[in-house]
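Quick note on labels: first sequence line is chain A, next is B, and so on, each numbered from 1. If you're wondering where the values come from, they're calculated on a predicted model, not measured in any experiment. These numbers come from the heavy atoms of this one structure, side chains and all, not from hydrogens, waters or symmetry mates.
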There are 2 protein chains.
Amino acid sequence: MADSKARQVTLRFIADELGLHVSTVSRVLNGRADDGARAASGDTATRVRRLAEELGYQPDPHGSGLRTGRSKLIGVLVPRLSDLVLAMIYEGIDEAAGELGLATITANSRDDEETRRLRTRMLLARRVEGLIFGDASLDSGFLDRLAADGTKFVLVNRRAGDHPAVTADDRLGGRLAAEHLLALGHVDAAVIAGEPYASTGVDRTAGFVGLYRERGLPAPRVLHSPFDTAGGRAAAETLLADADRPTAIFAVNDFAAIGAMGAARDHDLTVGRDIAIMGYNDTPLAAELPLPLTSVAVPVREIGRRALVLLSRLLAGDEIESERLAPTLTARASTGADT
Amino acid sequence: MADSKARQVTLRFIADELGLHVSTVSRVLNGRADDGARAASGDTATRVRRLAEELGYQPDPHGSGLRTGRSKLIGVLVPRLSDLVLAMIYEGIDEAAGELGLATITANSRDDEETRRLRTRMLLARRVEGLIFGDASLDSGFLDRLAADGTKFVLVNRRAGDHPAVTADDRLGGRLAAEHLLALGHVDAAVIAGEPYASTGVDRTAGFVGLYRERGLPAPRVLHSPFDTAGGRAAAETLLADADRPTAIFAVNDFAAIGAMGAARDHDLTVGRDIAIMGYNDTPLAAELPLPLTSVAVPVREIGRRALVLLSRLLAGDEIESERLAPTLTARASTGADT
DNA sequence: TTCCGTTACCCAAACGTTTGGGCCAAACGT
DNA sequence: ACGTTTGGCCCAAACGTTTGGGTAACGGAA
């Protein structure tokens with residue numbers, strides 16, 4: 001592959017143009033105007049900065065990276081970017097990275113162990129300075145080994161082992177969902193719990209079921225399924241085909257809830273009247289559905305941003321701690337609230 | 001920021017361990033087992049490969065990139081990754097890139113000219129070998145200047161100017177939509193056309209309106225709006241508030257169609273009976289909505305993949321041509337079809 | 001035995017940038 | 001006038017990898 005762009009300007013070119021040494025040009029451009037130990041006289045520094053600006057000089061990351069050992073790259077693993085929640089989390093990560101002069105490389109692991117391993121290896125080959133995992137499995141073996149190797153990483157959205165993570169308070173979120181449905185009189189409820197390997201589904205389910213138990217009520221039925229709409233639909237079909245069908249369904253994410261709404265319709269049930277259905281994450285879609293979806297709202301972009309900030313502090317040698325952001329409930333027509 | 005990972009193995013380390021020169025190790029690892037001009041004897045080559053494998057040697061992109069002038073990185077600009085269609089296109093790009101030993105860096109431009117300019121500059125500073133723009137504006141001034149500078153790029157999903165692009169055949173897609181609605185007797189139709197700066201909305205609208213004109217029918221009303229669900233809802237509100245409201249609405253993307261369905265419901269219209277509503281792109285959501293959405297299906301991942309392949313050929317010095325992938329119609333309940 | 005071709009390596013330098021250290025000249029203080 | 005300090009630069013080498021070129025040793029043929 002040939003050189004794909006206009007020749008970029010080098011320090012040497014600027015140095016030759018100004019009759020200076022490359023090290024002087026480098027020091028000027030990397031120092032600050034008020035540096036105590038000056039690289040050059042004010043006059044010379046001005047000439048350097050002016051010419052560099054004029055020529056659009058941008059350092060070659062290969063050269064500086066080789067010398068400094070810094071790539072200024074962060075690797076981000078997600079199950080798949082076409083999962084809306086992860087895409088939004090990634091936007092938060094990307095934004096925060098940009099503010100710190102870092103760039104991110106993403107990789108989709110599809111929640112597959114081997115893919116995760118291969119893509120992590122690819123990212124490390126890229127000499128990323130740290131990693132953010134949005135696809136952690138509760139079986140944290142892979143992450144344990146990575147940590148033992150000295151690799152710096154932070155988890156986002158899901159937790160695993162005792163690795164630092166930025167998540168929502170998913171137990172509280174599940175509890176909020178339970179409070180909402182119980183307040184509407186739904187004693188017979190069920191949970192579409194997502195995948196058992198993800199802390200998101202497990203924690204949200206635990207919070208939900210926990211409140212029912214505290215109230216001395218029969219434990220809601222819990223069904224695991226893929227996180228997508230098809231998975232939610234299939235689980236709801238199972239629940240609704242039962243003679244003892246629930247009067248309410250809590251799906252641990254919005255897409256599954258959307259699938260469940262489709263199944264309810266197929267059973268000639270009016271969502272919001274005959275049956276209550278709610279989701280989690282309050283994606284932008286939830287409010288805009290033909291029948292707006294009740295959902296537990298989570299500041300996903302903020303979660304992404306916090307994860308990047310936490311990682312940067314870890315890389316700076318600081319001690320860091322996991323963070324859990326508070327969810328809130330947004331009631332809408334799918335559980336009978338007027339929107 | 002301190003070194004974030006276990007010390008990586010270098011060529012020098014392997015060379016010293018085996019009593020060889022680094023250039024020999026490099027030639028062995030970069031050559032193929034059946035190379036005519038061999039870098040080393042079969043015995044030596046085996047020892048090198050074995051030790052490199054054992055130590056998990058991965059070349060430092062800084063070193064090799066500096067020497068070869070190749071970053072093996074591709075930059076991808078999208079309006080925003082939380083737009084499901086773009087995320088799926090990106091998955092196709094990413095997959096194809098991985099197969100060619102390339103990695104991608106994405107950037108969100110939010111369809112903002114200044115952001116696009118800044119993020120393109122960031123990507124070029126990263127020495128990406130080429131760019132894929134998924135956010136092209138029909139005013140191709142920015143892209144024209146970039147091409148004039150010798151920057152190699154390909155457009156994806158949207159076209160602009162005469163720059164090489166991989167898109168769906170959006171005029172045909174709009175035409176398919178019109179055929180579908182006319183076959184159902186919808187003479188009074190309207191279009192929620194998305195943003196006027198994007199070829200996607202413009203071409204789909206042109207195809208749709210064109211068929212009505214060919215049939216000697218009154219041209220459908222065309223409303224521009226943001227591509228998201230809120231934009232679709234607002235546009236549909238406008239259409240449905242009119243005394244002469246249409247019996248059918250073609251929204252140029254699924255999310256806008258979802259928003260329009262919400263507006264129809266608010267007007268006590270039963271979608272699929274009182275009014276037909278359809279979308280475009282046939283995202284995985286379309287089929288799974290409580291009321292499945294009729295949509296023009298487009299192979300989005302394949303579009304992404306083709307774009308990467310086209311770019312790699314451009315970078316290899318080949319002559320390339322734009323590609324347009326064929327859409328198909330998927331009828332569902334939102335236009336009255338039984339699913 | 002000598003000569004030639006082939007094999008199997010090594011040498012050297014390039015790439016762009018950063019950073020430790022050094023040198024020279026001018027200014028300042030005694 | 002001489003010694004010290006400070007300002008303003010330059011020198012050199014490091015980082016990891018790749019690639020053009022060279023050479024010593026070996027084997028085979030004349």
So what does T68(A) touch, heavy atoms closer than 4.0 Å: a base, only the sugar-phosphate, or nothing? sugar-phosphate

Is dG29(C) paired to anything, Watson-Crick or G-U wobble with both distances less than 3.5 Å, and if yes, which nucleotide? dC2(D)

Which part of the nucleic acid, if any, lies within contact of H21(B), taking any heavy atom under 4.0 Å across all strands shown: a base, the sugar-phosphate backbone alone, or nothing? base

Could you check whether E129(A) pairs with R70(A) (Lys NZ or Arg NE/NH1/NH2 to Asp/Glu carboxylate O, under 4.0 Å)? yes

Using a heavy-atom cut-off of 4.0 Å across all strands, would you classify Y57(A) as base, sugar-phosphate, or nothing? sugar-phosphate

Quick check against the 3.5 Å criterion: does S109(B) have a side-chain atom that pairs as donor or acceptor with the backbone of R116(B)? no

Answer yes or no: side-chain N or O of R27(B) and base N or O of dG20(D) forming a donor-acceptor pair under 3.5 Å. yes

L18(A) CG to dC9(D) C1', straight-line distance once rounded to whole Å: 14 Å

If only side-chain N and O atoms of N30(A) are considered, is one of them under 4.0 Å from the OP1 or OP2 phosphate oxygen of dT18(C)? yes

Would you indicate what T24(A) reaches in the nucleic acid, counting non-hydrogen atoms under 4.0 angstrom: base, sugar-phosphate, or nothing? base

What contact category does S26(A) fall into here, base, sugar-phosphate, or nothing, at under 4.0 angstrom with non-hydrogen atoms? base

Which one, dC9(D), dT19(D), dT19(C), comes nearest to the side chain of R67(B)? dT19(D)

hbond_proxy S23(B) side chain to dC11(C) base (donor-acceptor, 3.5 Å cutoff): yes

